[in-house]
Amino acid sequence: MQTLKGQVAAPNAKVAIIVARFNQFINDSLINGAIDALTRIGQVDEQNITVIWVPGAFEIPLATKIAAQSEKYDAIVALGTVIRGSTAHFDFVAGESSSGLLNSSLAFSIPVGFGILTTENIEQAVERAGTKAGNKGAEAALTALEMLNLVKMIKE
Ligand code: INI
């Protein structure tokens, strides 16, 4: 039997972080978590991290697609925060963002860490941005690196 498990360290990886300005006060914590995890745990050189800002979570998939298409990056980390309001807007923004990211990941065979919070309220978002429920930006970053290494192993 052969078992493949991806390591997290990826010292030579080039990583794009695509992040929304909407709800920026929460996204700033997600970015901090992602960069800390990439550099401290993943051993990624800070010079090899590119941060790309977009207006809102709805715009993350297009920037992700272009970044993937450019072949300049080995992995992408998508960060944003979608908080439910009183209309159906939440469902469209959250749903389209996640399916758009998956499409690019599959179309370009590139790991995309999904760090877009989809919460009922601001408190839940704060909890997931570096307080009592961890930091989803850091988790998404480490997942992208693990998948990057795993994909290489599967191909070898
Ligand atoms: N964008 C977000 O990133 N989070 C939200 O919670 C949000 N809400 O609630 O509206 C949001 N809307 C903006 C959207 O992502 C687009 O930028 C906008 O619709 C223009 O295309």
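Scope of the values below: all heavy atoms of this structure, side chains included, with no hydrogens, waters or symmetry mates. Quantities reported herein were computed from a predicted structural model and do not represent experimental measurements. Counting starts at 1 for both ligands and their atoms, following the listed order.
- In the hydrophobic cluster analysis, where Ile, Leu, Val, Met, Phe, Trp and Tyr join through side-chain heavy atoms closer than 4.5 angstrom, Leu145 is grouped apart from Val112.
- When side chains are defined from C-beta on, Leu38 counts as touching Ile49, because their heavy atoms get closer than 4.5 Å.
- Side chains of Ile60 and Leu101 form a contact here, defined as non-hydrogen atoms less than 4.5 Å apart.
- Transitive grouping of hydrophobic side chains (ILVMFWY, heavy atoms separated by less than 4.5 Å) brings Leu30 and Val15 into a common cluster.
- Cluster annotation: Ile35 and Phe25 are assigned to the same hydrophobic cluster (Ile/Leu/Val/Met/Phe/Trp/Tyr, side-chain heavy-atom contacts under 4.5 Å, transitive).
- Residue-level contacts of ligand 1 at the 4.0 Å heavy-atom threshold are Phe22, Asn23, Gly56, Ala57, Phe58, Glu59, Thr81, Val82, Ile83, His89, Val93.
- We find that Arg84 and Asp91 are joined by a salt bridge, their nearest charged nitrogen and carboxylate oxygen being less than 4.0 Å apart.
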